[in-house]
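The structure appears below as structure tokens.
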Amino acid sequence: MTSNDATTAGAEATFAGMWRDLAPVGRDGRSGGYQRFAWTREDHTLREWFASEAERRGLDLTVDRVGNQWAWWGDPDAALAAGRPGIATGSHLDSVPDGGAFDGPLGVVSAFASVDALRERGFEPDRPIAVVNFVDEEGARFGVACAGSRVLTGAMTADRARSLTDADGVSMAEALRAAGRDPEELGPDADNVRRVGTFVELHVEQGRHLSLPEVDQPVAVGSDIWPHGRWRLHTLGEANHAGTTRLADRDDAMLGFAAAVIAARRAAESHGCVATIGKVVVTPGGVNAIASEVTGWLDARGSDESAVRRVVADVTEVVEEFGGLVVEDSWTGTTPFDPGLARRIATRLGGIPVLGTGAGHDAGILANAGVPTAMLFVRNPTGISHSPEEFATSEDCLAGVAALTTVLLDLAGGAS
Ligand code: GLV
Ligand code: MN
Ligand code: MN
């Protein structure tokens with residue numbers, strides 16, 4: 001690891017220590033991937049880790065109505081009253097099924113390391129700085145991505161969130177109760193949102209633009225997030241014996257679903273989008289039983305909102321032809337980040353690349369709620385993400401910490 005202008009040897013050491021501490025939590029010994037889902041035992045361990053990192057630094061830990069954790073350096077309410085709302089930075093600690101180590105944790109660990117670097121330099125911010133851990137960003141357990149920031153900002157109602165269920169039929173309300181939280185407390189939390197004058201999320205790149213030989217840079221600033229959403233596809237049939245039921249007598253829910261999978265690929269190709277069906281539940285789920293019900297999840301994204309809508313319309317037509325049903329689970333339109341802030345950051349960091357992304361982030365939800373928001377991306381040499389293969393070098397991670405530290409120095413003014 002190399003030292004860097006804005007970061008410090010101390011911050012490099014704390015980064016390495018935090019990374020080591022998180023490495024075993026929820027790690028699958030066989031694949032090397034992570035199973036870190038909202039309100040599970042692993043999530044509890046990660047939340048305890050966050051709380052202890054806050055305590056170790058003397059930061060004030062607050063937990064909002066949704067369960068997102070905020071570790072404040074400085075008093076956000078006093079600053080707000082004085083017209084100097086705080087700056088929040090961080091990301092999430094949960095993962096997709098068999099996810100990588102970097103998506104989420106890199107932003108949280110870098111945020112703590114940047115606070116360490118600022119303090120080591122003797123920096124006194126002129127506005128409070130928070131490190132944040134957004135709960136349930138991936139939506140791996142209850143189906144809706146960015147659930148923590150959506151409920152926080154009112155983009156999803158508490159009633160809807162409480163009623164979402166996981167694969168075992170456990171509702172979010174029940175999961176919250178099991179985790180020791182009162183589900184009735186869940187709801188939008190304007191007081192916590194108001195404290196955040198600016199949000200900056202650092203994230204591993206999900207793609208390989210920064211590795212292109214003509215780019216070759218460790219860090220970029222985000223411009224916008226593609227429109228994207230999730231839809232549930234249901235097809236129905238009749239369970240029956242795989243050996244004794246004549247083809248002509250079958251009502252096989254799998255056929256409509258299979259047609260929908262092919263339709264999704266074709267529609268994505270013809271409308272210039274991407275579409276993925278990566279999760280499916282078959283009932284009754286026996287090798288020797290005809291499917292009575294199939295539920296699959298369509299994820300569709302693209303640079304153009306109407307093109308994404310056309311993909312979904314094409315798939316819906318096929319599902320409905322088979323008597324099935326399509327239900328929208330979530331939708332986020334084109335999300336630009338604050339252009340002035342992105343320009344300021346790009347300039348401050350020496351003209352780094354400006355990148356759009358097809359990945360969703362809590363930063364997008366905050367931006368849509370009117371919070372001036374920016375993202376930093378750290379080079380991912382293979383571009384692979386949502387997989388155990390996801391990777392960034394230590395040097396690039398530390399370049400990310402240095403960039404974030406510079407951004408916080410700039411935004412929090414102060415004296416050093
Ligand atoms: C979140 O990582 C998403 O883009 O699905
Ligand atoms: Mn992700
Ligand atoms: Mn993420």
Side-chain angles (χ1 to χ4, degrees), residues 22 26 33-38 43 46 50 68-69 88-111 131-150 155-156 199-207 220 222 224-232 268 273-279 297-303 308 328-335 337 355-368 373-380 382-392 397 400 404:
L22 286 178
Y34 287 91
Q35 318 287 350
R36 295 167 168 171
F37 309 137
D43 194 38
L46 294 162
F50 185 93
N68 305 304
Q69 295 175 294
T89 181
S91 189
H92 59 98
L93 294 172
D94 66 318
S95 77
V96 296
D98 214 27
F102 295 81
D103 177 353
L106 183 61
V108 177
V109 168
S110 298
V131 178
V132 57
N133 168 30
F134 283 109
V135 70
D136 200 6
E137 192 272 349
E138 298 288 6
R141 181 169 179 192
F142 297 104
V144 176
C146 300
S149 54
R150 280 185 206 272
M156 173 162 66
F199 178 56
V200 183
E201 179 168 0
L202 179 147
H203 205 277
V204 69
E205 185 188 8
Q206 296 168 297
D224 63 314
I225 299 180
W226 274 7
H228 60 283
R230 296 180 179 187
W231 293 261
R232 239 174 312 141
C273 296
V274 291
T276 308
I277 298 178
K279 177 175 172 180
W297 282 261
L298 168 70
D299 176 310
R301 315 184 190 207
S303 57
V308 180
E328 184 172 296
D329 270 350
S330 61
W331 169 254
T332 307
T334 308
T335 304
F337 294 121
L355 272 191
T357 178
H361 298 285
D362 295 306
I365 305 297
L366 265 68
N368 284 329
T373 295
M375 287 195 77
L376 293 172
F377 296 116
V378 170
R379 173 165 54 193
N380 172 345
T382 63
I384 294 175
S385 186
H386 286 185
S387 152
E389 301 304 315
E390 184 179 84
F391 182 65
C397 291
L404 181 59

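Counting starts at 1 for both ligands and their atoms, in listed order. Only a predicted model underlies this, so the values are computations on that prediction, with no experimental measurement involved.
Under the 4.5 Å side-chain criterion, counting only non-hydrogen atoms from C-beta, Trp331 is in contact with Trp231. Looking only at side-chain heavy atoms (C-beta outward), Asp43 and Arg141 stay at 4.5 Å or farther from each other. Residues Cys397 and Leu106 form a side-chain contact, since some pair of their non-hydrogen atoms from C-beta on lies under 4.5 Å apart. Taking the side chain as every heavy atom from C-beta outward, Leu46 and Leu22 approach each other to under 4.5 Å. Considering only heavy atoms from C-beta on, Thr332 stays 4.5 Å or farther from Ile225 through its side chain.
When all heavy atoms of Arg36 and Pro105 are compared, the closest pair comes out as NH1-CG, 3.5 Å.
Considering CG of Asp224 and CE of Met375, their distance stands at 11.5 Å, rounded to 0.5 Å.
Residue Glu138 approaches ligand 1 through these ligand atoms, each under 4.0 Å from one of its heavy atoms: 1 (C), 2 (O). Below 4.0 Å from some heavy atom of Gly360 lie the following atoms of ligand 1, by number and element: 1 (C), 2 (O), 3 (C), 4 (O). Less than 4.0 angstrom separates some heavy atom of Ala359 from each of these atoms of ligand 1: 4 (O).
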Check against side-chain hydrogen bond (donor to acceptor under 3.5 Å, both in side chains), Asp136 and His92: CA-CA 8 Å; Asp136 200 6; His92 59 98; over 6 Å; no
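Residue His228 places every heavy atom at 4.0 Å or more from ligand 1.
Of the polar atoms of Gly358, none of the N or O atoms is found under 3.5 Å from an N or O of ligand 1, judged by distance alone.
Ring pair Phe102/Phe391 is perpendicular by interplanar angle, where above 60° counts as perpendicular and below 30° as parallel. Using cut-offs of 30° and 60° on the angle between ring planes, the pair Phe377 and His361 is tilted.
Among all non-hydrogen protein atoms, the one lying nearest atom 3 (C) of ligand 1 is Arg301 NH2, 3.4 Å.
Only the side chain of His386 comes within 4.0 Å of ligand 1, judged by heavy-atom distances.
No other N/O/S atom of His386 lies as close to the Mn ion (ligand 2) as NE2 does.
Of all protein N/O/S atoms, those lying under 2.8 Å from the Mn ion (ligand 3) come to 3.
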